[in-house]
Structures are given as structure tokens and as C-alpha cells.
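Reading through the C-alpha cells given below for one structure.
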There are 2 protein chains.
Amino acid sequence: MNKELKKVNKNALNPNVSVDCVIFGFDLEKLTVLLIDRCRNKRDKGIKLALPGNLIYTNEHLDQAAIRVLDELTGLKNIYLEQVGAFGNPDRISKDSDREWLKSIRAEPEASVITVAYFSLIKMPDYLPQASSFAKTAGWASVSEINELAFDHFEILQAAKEKLKQKIKIQPIGFNLLPEKFTLSQLHRLYESILEKPLDKRNFRRKIQKLEIITSLKEKQRGVPHKPSQLFEFKEVRYQELTQNGFDNFGF
Amino acid sequence: MNKELKKVNKNALNPNVSVDCVIFGFDLEKLTVLLIDRCRNKRDKGIKLALPGNLIYTNEHLDQAAIRVLDELTGLKNIYLEQVGAFGNPDRISKDSDREWLKSIRAEPEASVITVAYFSLIKMPDYLPQASSFAKTAGWASVSEINELAFDHFEILQAAKEKLKQKIKIQPIGFNLLPEKFTLSQLHRLYESILEKPLDKRNFRRKIQKLEIITSLKEKQRGVPHKPSQLFEFKEVRYQELTQNGFDNFGF
DNA sequence: TTTGAAAGTGTTAATTTGACACGATGTAAA
DNA sequence: TTTACATCGTGTCAAATTAACACTTTCAAA
């Protein structure tokens, strides 16, 4: 697999196609996304924040490219990853300052670029921001507070949010955003954050429990200034069972 | 809008990005898809049938490119169109015969090509196969009988089918495949064809009628050797109403 | 010991789903 | 003209699902 990567890296860059990653995290309060701050690279008058992304190699599979970029940024492997779609507005690099910045990292900044967006779900604590040089300027931002991004990245983010919203209604992929052990309240907040609407606490718990996709551990939450909650764990096996047999509605 | 198209056509081709169209039709019996037959172009040992597609222009918006290709092939405008996703396996042009064929229509056949797939829904009778030169070799094939296609087009078709399946569960887009006036049985068969499973007749009718998205006409079906059925018409206004106000579950 | 803060828990009414069968109505053939 | 054939169109009931709703428990910190 590492060998594979090296082979690919020998190839030339495809100047027309890039991959952008919408990397979602969850800080147990709200949905977040990993952005890179272009200010630290250069003084800049344009919008500072952008989604991490890069050009792909000529002979690289698109999905492979997304995996590679994600790995370069976070050092993480085996991450939940899904394509959002292709974005190809030729006006997407609209600001001069954007062009300037692109010149600093790309051989042919003026070439028309199609970008293929992916979203991934990671467990935030697993990500150590300083793991790679590429990630030096990276940081988490609260999704709901983002109003603008560089290039057409805001549009991409909206599409990724929408895709995630649809997906989580159908498949229980939310666990990719939570630590191994989590509480039902955390899961509840996660769903509310993603769906951007309140869900009745008791109805939510009932529905989740009926899926039999989580196991309650012996353990309880500790050190909280209120009644500690039961910890749960995701049941991988049951997940396979559900997703395989033509299961296509989680029910939210 | 025509001006727009001309302007775009002056630009150079982007040798790395193509658009492929999965054009669905419905012959009132089963779901069909428009394929081009490469045999008529050349004697050919590879797989004959492929999805229509073409390279995009350097400064062309992806969606615009899909609209253009669809127009070039069918002469149709204002068609329901939706992106399926990007496909970028560098091995996608796997057979030598595929390469040969590509050479005959492309300047740089060896360049790595990302393709962005779109699916569209058209009313079959509206499409006159001889409308354009590009369409000379085009024809309808029954979706369920397709086992292989050129390049990675079979994979793309599967993805498009899946997308359509998901979409029709959520939004009433099926009417784009039916004539202006249609019967409930036709609509019923359409849903069964797309979802690839039987739906109870009475339950189906009940559910559709509750949406209040169709109006029953005064008119009845004529010339059938059995009880003629009521004709219905799609209620555009109600559709807007439903899709706008955060309506997101059609219920199939 | 009191207070604050979140955890955890059930019932009920309304709605939706799924299963199921037969008479009506037109054309075409006998 | 009668009959056969093919599809149209229709209703009920039981089961499952959804939505709305409030109070007691438990721990830590003050």
C-alpha cells in the first residue's frame, strides 16, 4: 500500500484536476471542519480559509488521491471517505489574490481546474495537528459559523454538508465522528448538529436502541458535575449486518 | 443562452476532463438508457455500446458541458439533469480496442481522463433519434438487460441507477420520464422499474394521490383492448411547493 | 446539605404502512 | 349479440411507527 503510493508519486501532476477534502470532526458540541489558513503562508488580502486539497497525479485513481491528500494532511489512514461530486465552474478562482496564492503552490496556476470533492469523517482526538508539514496551518472551524471560504470552497462545503445530512439519514455513519466510547447524549448532539434541527431526546434514544447498533458498557462517564451517563460502544458486526442486507433507511 | 454556447465553443478542449451522460427514458414498460453503438463507426472487437460523452472545453462550466453534450446528442433542452459523480480510474480505458476508438475521435487519446457523469430524464417520444449527426448511431437499450459497456461505463450506469433510485424516493422527479398525460398504471410501472421491486398497486395509488401532485383529467385512455384508464397530469405548482419547503421524503 | 446540571425513563394519540380480493368496463373474437 | 379477456379501480383492518410531552435520579461542587 505504501509501495503503491510511491509508484503513484513518480507520475506527473495532472494540471487540470484537483481533489478537495471536507474533513468533518465533532468536538462533542458541534460539527467542525478542517480548514487551512493561507495567511500563514503569505500576507493575503483575499479570504483566508480554504479546504485542504491538491492536484492529482496523472495515473492516480481519484479515490486514491483523496486518501493520499487526507493522509498528507492528517497522517490518518482508513478513514471514512465519500465523494461529494465534481465542481468545475471556470470562474471558481475568482479573486486575484487567490490566483497569487495558487501560483505559489502550483506549476500552472492559470490552467482551468476541475475539483473533485470528498468528505471524510474523523475522530477529532485522533488528529494531531502538527503531524505533517502540510498541516502546520490547519485548524478546526465550527461548521455553522463559516460564512465564506476561498475559491468555490463554500459551495463545496454546503454540498458536503447536504450529502452528509442525506447519508446519515440512511446509514449509521455518525460513529466515525465519535470516540470509541461515547454517551447517548453525545450521539444525540451529533445528529442534531448534522441535521441542523432538534430531535426529541426520548424518541431519539428509542430509535437508536431499537437498531441494536450500540452496546452499553459497564463503564460510566466520570468527573462531570452532574449525573454521569452510561458509556456505549459501536457494534461493528451489527453495522455490517444492517448495511449488507439491503438496509436502506436509518429513519431520521 | 445560445450566445453563451457559442462563446464557450471557441475555447480549447480540456484533454483531461470529459462528461458522460446517462440519459434515461421510459417506454411505458421499462426503464431504458440511450447508448451509442461504436460498431457503426468502425469494425470493432471490443464492447460495442457506450454512454454518450465528450471532452469539455477549458472554460466551460461542468453543468454547461453536460447540457451541451445532451443538446448535441438529442437536440433537447431544458432537461432534468443531475450530476452522478466523477470517475477517475486511470485504468478505465482498459482495452486496446477502446484506445483505438478513442484515437479516432480525440486529439490526445492517451491522456488520462477524468469523466464526470450526469444523468438526465427525458420523455422518450420527444427524442427524435435522427435529429443530429452525433445521434446517428444512438439507440435505446433496456436498462435491466445491459451486462457490459465500453470503458468504465457499466460502473457509471450502476451509479446513475443508484442515484436515480435514491432521488426518486425523496423527490417526485419521475414525471420527467412520462408524457404530459399519463395513467396511474404507467406511473406505477415506472416506479417499479426504477426501484427494481414490486409495489402494491393500491398502496402506491393511495400514496401518490395523497401528495396531491397529479390532477385527474376529464380524458380517458383510448383504443386499448380493456377498460381504459383515467389520464392524469403532473401539477407543476404543487411540485414547487413540495420541494421548496424543506420537503425531503417522498416516501418510497 | 443544598444546589445545579444533565441523565434517564413511558404513555398515548395520530399517522402511516402493508396485506389483501373482487366487481367494473372497455375491446375483440367467436 | 354474446362471451372472453385484460386491465382498471376501489376499501378495510391490523400492525408498526411517529410525535408530543414532564418528572425523578444522580453526581459534583459550592
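Keep in mind that what you see is a predicted model, and the values were worked out from it rather than measured. Chain naming here is simple, since letters A, B, ... match the order of the sequence lines and numbering starts at 1 in each.
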Query raised in the report: Atom CD of A/E219 and atom P of C/dA7: how far apart are they, to the nearest Å?
Result: 17 Å
Report summary line: To the nearest angstrom, the NZ-C1' distance between B/K197 and C/dA19 comes to 15 Å
Query raised in the report: What string of B, S and - do you get for nucleotides 8-14 of chain D, 5' to 3', if B is base contact, S is sugar-phosphate-only contact and - is no contact with any protein heavy atom under 4.0 Å?
Result: BBBB---
Query raised in the report: Ignoring hydrogens and geometry, is there a side-chain-to-backbone donor-acceptor pair from A/Q221 to A/P228 under 3.5 Å?
Result: no
Query raised in the report: Under the salt bridge (Lys or Arg N to Asp or Glu O under 4.0 Å) test, which residues partner B/E219, sequence neighbours left out?
Result: B/K181
Query raised in the report: By ring-ring contact (aromatic ring centres under 6.0 Å, His included), which residues pair with A/F26, not counting sequence neighbours?
Result: none
Report task. Not counting sequence neighbours, which residues clear salt bridge (Lys or Arg N to Asp or Glu O under 4.0 Å) with B/K161? List them please. Result -> B/E196
Query raised in the report: NZ of B/K207 versus C1' of C/dT16: gap in Å, rounded?
Result: 8 Å
Report task. Could you list all the salt bridge (Lys or Arg N to Asp or Glu O under 4.0 Å) pairs where at least one residue sits in residues 25-34 of chain A, not counting sequence neighbours? Result -> A/D27-A/K30
Query raised in the report: Can you check the A/I208 CD1 to D/dT17 P distance for me, whole Å?
Result: 15 Å
Query raised in the report: Please, which pairs that meet ring pair (Phe, Tyr, Trp, His ring centres under 6.0 Å) have at least one residue in residues 203-223 of chain A, sequence neighbours excluded?
Result: A/H188-A/F204, A/Y191-A/F204, A/F204-A/F252
